[in-house]
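To start, the structure under review is shown below, and the notes come after it.
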Amino acid sequence: MSLPRLAIIGRPNVGKSSLFNRLAGRRISIVDPTPGVTRDRSTTIVELTPPPDRRDEEPRFVELMDTGGYGVYTAEGGQIDDAGKDLAALTPEIERQIRTAAGQAQLILFVTDARDGVVALDEIVARLLRDAGLSPKVLPVVNKVDDPSWDAHGLEAAALGFGEPMLVSANSGYGARALSEAVWERMGVAGADERPENPEIRFAIVGRRNAGKSSLVNALAGEPRVIVSEIAGTTRDAVDVRFDIDGKVLVAIDTAGVRKRKSWADDVEFYSYARTENAIQRADVCVLLLDATEKSSQVEKKLASQLEEQYKPTVIAVNKWDLVQHKLTPKHYIEYLTQEFPGLDYAPIVFVSAKDSSGLRELLGMIANLDAQSKHREGTGRVNNAVRTILEERGPSSNLGTRAKVFYVAQIDVRPPTIAMVVNKPDLFEGTYERYFKNQLREHLPFSEVPIKLVFSERKREKR
């Protein structure tokens with residue numbers, strides 16, 4: 001199924017990402033005054049409701065695409081990043097993503113800025129749209145029209161040749177409803193009967209800078225959806241990429257590369273990190289991507305701790321394996337990872353190469369397997385038998401000789417599998433024994449490669 005597409009384009013700093021968030025109804029893209037914050041194509045599914053006089057008609061669903069600002073990329077304070085790389089090198093890739101989005105869209109929102117008026121770069125973008133034969137698709141939008149006093153300034157954009165513009169303020173919401181209704185009309189019936197399929201699995205790919213996350217997403221999607229560059233930190237936002245595999249809808253969330261907090265260069269990196277945390281929270285499964293050519297770092301160990309603390313099913317994907325397989329064996333590398341990430345010793349490990357697309361089927365298969373384990377609900381009888389067997393083999397006891405007694409056991413939730421236990425002394429199960437107990441549960445129950453959450457409570461004695 002393919003939904004009609006709506007693309008937002010324009011020069012830097014006209015508020016495209018703010019408008020994207022306004023239409024989406026939630027914050028997705030990072031909004032910051034630094035030019036070039038948005039680089040990749042961010043996409044989301046938006047439901048457009050009909051105008052009040054057409055309430056008897058169905059909502060229309062569209063795939064909304066945010067793009068980078070058209071023009072030479074510059075960072076705050078110059079074109080050189082904190083690693084000494086010339087960020088202008090990203091410009092061709094950013095502009096290719098814009099052209100791709102514009103070409104695929106049924107409707108293009110060409111955004112300008114009422115405060116700045118029509119500037120030379122707006123005219124360049126307008127000419128490029130006309131030269132590409134895209135004029136019939138264009139709906140001009142002037143942002144930062146905070147109230148009617150700015151209407152006259154906004155109407156100057158009619159000189160660009162695409163008709164009378166829609167006047168909006170993405171920040172305050174002025175004109176946003178009228179824009180949404182205009183988009184509903186312009187999209188026509190194309191999106192009326194199409195309803196987006198819910199993805200079977202959402203998986204977030206997390207890791208440090210330059211581990212190859214964007215390359216992996218592109219390899220999985222079968223097209224260059226996100227920008228790949230040797231410049232560290234190219235991906236700033238969490239980018240959702242929907243694709244179909246064997247008839248199943250999957251969403252891969254490409255996240256910004258993480259590094260130590262003390263090395264953060266600006267506020268954008270703070271927002272990027274926050275987006276990565278949010279991506280972990282909303283993902284069904286997480287992929288901790290490692291670079292086989294580099295030793296594991298504190299950044300990756302911190303990410304591993306986050307995944308463990310949030311009970312996220314995790315597959316450890318070792319990227320760039322093609323570069324080291326002549327001198328390392330999977331067995332030795334697995335032993336190394338077990339030492340480096342003891343909290344994820346149950347997590348499966350897959351060796352991949354985003355460059356030559358090897359290991360991708362195995363990775364997707366493992367993601368699906370972890371998702372199935374995480375949402376499995378086991379019968380109470382089998383859970384009780386497993387607990388009884390574990391306690392008979394090795395039960396906890398205190399220094400004073402108090403032994404554990406279990407009065408009730410049941411699985412009470414999924415994602416993560418959550419097992420509630422009513423016992424005589426919950427503190428007997430704390431610390432080392434709880435870790436042992438979870439590992440034993442994985443041996444006895446179909447949760448062998450996912451985190452298990454245990455909830456202990458003490459039996460309350462009845463008052464006489």
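Quick note: numbers below take in every heavy atom, side chains included, and nothing from hydrogens, waters or symmetry partners.
Salt bridge annotation for R415-D284: present, with a cationic side-chain nitrogen under 4.0 angstrom from a carboxylate oxygen. A salt bridge links E57 with R60: the distance from a Lys NZ or Arg NE/NH1/NH2 to an Asp or Glu carboxylate oxygen falls below 4.0 Å.
The main-chain N or O of V183 is never found under 3.5 Å from a side-chain atom of E181 such that the two would form a donor-acceptor pair. Put simply, the side chain of K312 never gets that close to the backbone of V450: no donor and acceptor are under 3.5 Å apart. Of the possible polar contacts, none joining the E378 side chain to the V383 backbone as a donor-acceptor pair under 3.5 Å is found. Judged by distance alone, with hydrogens and angles left aside, the side-chain atoms of E300 form a donor-acceptor pair with the main-chain N or O of S297 at under 3.5 Å. In terms of modelled atom types and a separation under 3.5 Å, the side chain of N384 and the main chain of V409 share a donor-acceptor contact. Without hydrogens or angle criteria, N319 side chain to D291 main chain gives no donor-acceptor distance under 3.5 Å. Listed for the K137 side chain is no donor-acceptor partner under 3.5 Å among the backbone atoms of L109. Between the side chain of D371 and the backbone N or O of V285 there is no donor-acceptor pair closer than 3.5 Å.
Side-chain contact of Q104 with R5: a donor-acceptor pair under 3.5 Å is present, judged by distance alone. No hydrogens or angles considered: a donor-acceptor pair under 3.5 Å links the side chains of N278 and R282. Side-chain contact of N369 with Q373: a donor-acceptor pair under 3.5 Å is present, judged by distance alone. D356 and S353 share a side-chain donor-acceptor pair at under 3.5 Å. In this structure, a donor-acceptor pair under 3.5 Å is present between the side chains of T49 and R177.
K375 NZ: more than 12 foreign heavy atoms inside a 6.0 Å radius. Dense packing is recorded around NZ of K301, with more than 12 heavy atoms of other residues, nucleotides or ligands lying under 6.0 Å away. In the displayed structure, R382 atom CZ is contacted under 6.0 Å by more than 12 heavy atoms of other residues, nucleotides or ligands.
Nearest heavy-atom pair across P396 and L391 is CD-CD2, 3.8 Å. When all heavy atoms of R22 and G173 are compared, the pair lying nearest together is NH2-N, 3.3 Å. Between E449 and L370 the shortest heavy-atom distance is O-CD2, 3.5 Å. In this structure, L360 and A219 approach most closely via the heavy-atom pair CD1-CB, 3.6 Å. Contact record, L323 with H326: O-CE1, 3.0 Å, taken as the closest heavy-atom pair. Contact detail for Q106 and M187: the closest heavy-atom pair is CB-CE, 4.1 Å.
Side chains of L289 and V318 form no contact here, defined as non-hydrogen atoms less than 4.5 Å apart. Counting heavy atoms from C-beta on, the side chains of L337 and I334 never come closer than 4.5 Å. Within the 4.5 Å cutoff, the side chain of V387 has heavy atoms near those of the F437 side chain.
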What's the verdict on side-chain hydrogen bond (donor to acceptor under 3.5 Å, both in side chains) for N385 and R388, showing C-alpha distance, side-chain angles and the deciding distance? CA-CA 5 Å; N385 288 337; R388 186 181 304 110; 2.8 Å; yes
Hey, mind stepping through S215 and N218 against side-chain hydrogen bond (donor to acceptor under 3.5 Å, both in side chains) and telling me if it holds? CA-CA 5 Å; S215 296; N218 289 340; 5.8 Å; no
side-chain hydrogen bond (donor to acceptor under 3.5 Å, both in side chains) between T338 and D345, intermediate numbers included: CA-CA 6 Å; T338 302; D345 56 357; over 6 Å; no
Please report the C-alpha distance between E340 and K295 in whole Å, then the side-chain angles of each, then the deciding distance to 0.1 Å, and finally whether the salt bridge (charged side-chain N to carboxylate O under 4.0 Å, His left out) criterion is met. CA-CA 10 Å; E340 293 293 295; K295 289 184 177 180; over 6 Å; no
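For the pair R442 and Y346, the cation-pi criterion (under 6.0 Å, within 45° of the ring axis) is fulfilled.
Ring pair Y433/F429 is perpendicular by interplanar angle, where above 60° counts as perpendicular and below 30° as parallel. Using bins of under 30°, 30° to 60° and over 60° for the plane-to-plane angle, the ring pair Y333/F351 lands in the perpendicular bin.
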